[in-house]
Amino acid sequence: MLKINLNTLKKLNRNDLKKVTGGLRPPDCTFVCSYRINNGPRRVGCPDYEECVPYTCDDNVSTGHRCEPL
């Protein structure tokens with residue numbers, strides 16, 4: 001069995017971790033479709049006259065979803 005001294009392992013700082021994970025998702029890149037009626041609360045999904053479609057976010061890596069007309 002390998003013996004590892006955990007104190008000697010390098011801990012990643014915040015910036016190093018971002019380099020490994022690819023950073024954060026762009027702010028306008030959403031996981032799910034949502035919409036709002038007359039400035040009311042956000043609802044998951046799309047209105048009856050729209051559909052939820054995937055798209056590539058500004059970072060060209062992440063996939064988001066948005067409502068688009070049928």
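Only this structure's heavy atoms are used, side chains among them; waters, hydrogens and symmetry mates stay out.
Nearest heavy-atom pair, Glu68 versus Val53, reported as atom, atom and distance to 0.1 Å: CD-CG2, 3.6 Å. Residues Thr63 and Pro54 share a closest heavy-atom pair of CG2-CB, 4.0 Å. Shown here for Leu70 and Asp48, the closest heavy-atom pair between the two residues is CD1-O, 3.9 Å.
At a threshold of 4.5 Å between non-hydrogen side-chain atoms, the residues Arg43 and Ile37 count as touching.
A cation-pi geometry, defined here as NZ or CZ lying under 6.0 Å from the six-membered ring centre and within 45° of its normal, does not hold between Arg42 and Tyr35.
With His65 as the fixed residue, the side chain to side chain contact (heavy atoms under 4.5 Å, CB included) test singles out one of Cys46, Ser34, Cys33: Cys33.
Of the inter-residue distances, the one linking Asp58 atom CG with Cys29 atom SG reads 8.0 Å to the nearest 0.5 angstrom.
Checked by atom type and distance alone, the side chain of Asn38 never pairs as donor or acceptor with a backbone atom of Gly40 at under 3.5 Å.
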